[in-house]
Protein chains: 2
Amino acid sequence: MVTKQFSGSSEDADLRRADSLAREIFSDVANKWALLIIESLGERTLRFSELRNEVEGVSHKMLAQNLRMLERNGLVERTVHPVVPPRVEYTLTEPGQALRVTIDGLCDWTHRYLGHIETSRHRFDA
Amino acid sequence: MVTKQFSGSSEDADLRRADSLAREIFSDVANKWALLIIESLGERTLRFSELRNEVEGVSHKMLAQNLRMLERNGLVERTVHPVVPPRVEYTLTEPGQALRVTIDGLCDWTHRYLGHIETSRHRFDA
DNA sequence: CTGGATCCTGCCCGATACTG
DNA sequence: CAGTATCGGGCAGGATCCAG
């Protein structure tokens with residue numbers, strides 16, 4: 001075994017670690033529910049139950065799971081009001097807002113090419 | 001049973017159909033492999049086996065599956081050269097290129113906030 | 001109302017083998 | 001080389017129940 005690192009230097013290791021982290025984040029973010037949640041939040045502050053209504057078709061479990069994930073990554077901020085019944089509010093952080101901008105781009109793209117895609121599908125299915 | 005439509009007019013039906021189509025497209029596109037494939041393609045033209053090497057970690061099956069899906073939606077163009085062994089090349093269409101631009105934004109975002117996210121995770125995990 | 005924990009089902013996806 | 005079909009294990013995700 002070698003004491004020194006392989007191809008050389010800890011910079012390579014750092015780069016590899018950053019890459020794997022980027023991949024991880026990419027996997028977290030590139031999922032339907034996360035994107036829809038962020039898009040629904042926009043610049044508003046919403047409660048859990050409100051989000052449940054906003055994000056069409058999301059289950060209780062998926063919403064909770066993704067919100068925790070987004071909170072962990074620092075994309076949403078979770079504030080608990082010590083009242084009964086409990087009131088918990090979610091809002092996008094600055095990184096979250098930045099991400100939302102790119103998601104807006106994705107939505108724009110979807111609507112712009114809706115027609116192209118529909119006809120392309122029809123042709124393909126024949 | 002009613003002969004007339006519910007809330008009225010076929011425009012509502014059109015809107016609902018467009019929405020469901022948009023959701024469908026969103027689900028197709030908001031998936032890790034599709035995004036990575038599009039990003040890898042960029043403005044190049046690549047063969048199946050080349051894509052297999054480019055997109056780190058993708059399986060034969062997932063690559064074929066996603067390529068068919070992208071082709072169906074008209075985001076990639078598939079050209080078969082009638083030689084042996086067969087040579088099949090993939091390239092982004094104009095809608096595909098447009099989508100790639102927004103994905104680039106996503107990648108930029110990822111790298112810009114890599115640090116934020118890492119520290120946020122660390123704090124959260126405590 | 002928020003959000004865990006648990007069970008259970010269906011499907012995703014990897015491995016493999018087979019055609020052109 | 002490119003692509004499809006099949007099988008099987010594992011995990012995603014819905015339903016439900018409970019706790020604070």
Side-chain angles (χ1 to χ4, degrees), chain A residues 23-38 40-41 44-92 124-126, chain B residues 23-38 40-41 44-92 124-126:
Chain A
R23 289 283 291 226
E24 214 177 307
I25 295 171
F26 204 77
S27 297
D28 271 0
V29 158
N31 101 47
K32 180 181 170 179
W33 293 128
L35 294 183
L36 288 177
I37 289 171
I38 292 174
S40 287
L41 267 179
R44 297 179 293 175
T45 293
L46 293 179
R47 306 180 54 175
F48 185 87
S49 49
E50 291 170 336
L51 270 170
R52 187 112 168 65
N53 294 330
E54 282 299 316
V55 183
E56 165 81 20
V58 71
S59 72
H60 181 84
K61 183 179 182 176
M62 282 303 97
L63 183 56
Q65 205 166 96
N66 279 279
L67 280 175
R68 256 182 300 123
M69 181 272 285
L70 292 173
E71 186 193 359
R72 184 172 111 94
N73 288 326
L75 305 191
V76 304
E77 189 182 348
R78 177 174 177 271
T79 62
V80 182
H81 297 79
V83 297
V84 10
R87 178 184 192 86
V88 182
E89 294 182 330
Y90 294 91
T91 183
L92 290 180
F124 186 90
D125 292 342
Chain B
R23 289 285 290 230
E24 213 177 309
I25 296 171
F26 205 76
S27 296
D28 272 0
V29 158
N31 103 42
K32 180 180 170 179
W33 294 128
L35 294 184
L36 288 176
I37 289 170
I38 292 173
S40 286
L41 268 178
R44 299 180 293 175
T45 293
L46 293 179
R47 306 179 55 176
F48 185 87
S49 50
E50 289 170 338
L51 270 170
R52 187 114 167 64
N53 294 330
E54 282 300 316
V55 183
E56 167 82 19
V58 71
S59 72
H60 183 82
K61 183 179 182 176
M62 282 302 97
L63 182 56
Q65 206 166 96
N66 278 279
L67 280 175
R68 256 184 299 123
M69 180 273 284
L70 292 174
E71 185 194 0
R72 183 172 112 94
N73 288 327
L75 305 190
V76 305
E77 189 183 350
R78 177 174 176 271
T79 62
V80 183
H81 297 79
V83 298
V84 8
R87 178 183 191 87
V88 181
E89 294 183 331
Y90 294 91
T91 182
L92 289 181
F124 186 91
D125 293 341

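- A distance of 14.0 Å separates OG1 of A:Thr91 from CZ of A:Arg78, quoted to the nearest 0.5 Å.
- The nearest whole Å value for the distance from the CG atom in B:Leu63 to the C1' atom in C:dC12 is 16 Å.
- Residues from residues 44-54 of chain A lying near DNA chain C, meaning a heavy-atom separation below 4.0 Å, are A:Arg47, A:Phe48, A:Ser49 in numerical order.
- Using a 4.0 Å cutoff on non-hydrogen atoms, the parts of residues 77-92 of chain A near DNA chain C are A:Arg78, A:Pro85, A:Pro86, A:Val88, A:Tyr90, ordered by number.
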Side-chain atoms of residues 45-53 of chain B: list all donor-acceptor pairs with protein atoms under 3.5 Å, sequence neighbours left out, distances to 0.1 Å.
residue, atom, partner, partner atom, Å
B:Glu50, OE1, B:Arg47, N, 2.7
B:Arg52, NH1, B:Val58, O, 2.6
B:Asn53, ND2, B:Ser49, O, 3.4

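- Counting heavy atoms from C-beta outward, B:Leu35 and A:Phe26 have side chains that approach closer than 4.5 Å.
- Helix-axis bend for the helix from C:dC1-D:dG20 to C:dG20-D:dC1: the local axis fitted to the five terminal pairs at one end deviates from that at the other end by 40°, rounded to 10°.
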For the pair A:Val29 and A:Asn73, evaluate side chain to side chain contact (heavy atoms under 4.5 Å, CB included) and give the outcome as yes or no after the intermediate values. CA-CA 10 Å; A:Val29 158; A:Asn73 288 326; 5.6 Å; no
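- At whole-Å resolution of the value, CG in B:Leu67 and P in D:dC1 are 16 Å apart.
- Distance check: A:Leu36 CG to B:Arg23 CZ gives 5.0 Å after rounding to the nearest 0.5 Å.
- Using a 4.5 Å heavy-atom threshold, the side chains of A:Asp125 and B:Arg72 count as touching.
- Nearest heavy-atom pair, B:Leu41 versus B:Tyr90, reported as atom, atom and distance to 0.1 Å: CD2-O, 3.4 Å.
- Side chains of A:Val76 and A:Ile37 form no contact here, defined as non-hydrogen atoms less than 4.5 Å apart.
- As a whole-Å value, the separation of B:Met69 CE from D:dT4 P is 14 Å.
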Tell me which donor-acceptor pairs under 3.5 Å the side chains of residues 62-71 of chain B have, and how far apart each pair is, sequence neighbours excluded?
residue, atom, partner, partner atom, Å
B:Asn66, OD1, B:Asn31, ND2, 3.2
B:Asn66, ND2, B:Met62, O, 2.8

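- Per the geometry, CD belonging to B:Glu71 stands 12 Å off C1' belonging to D:dG3, to the nearest Å.
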Sequence-aligned protein contact record of nucleotides 10-15 of chain D, with B where the base is within under 4.0 Å of a protein heavy atom and S where only the sugar-phosphate is: ---BB-
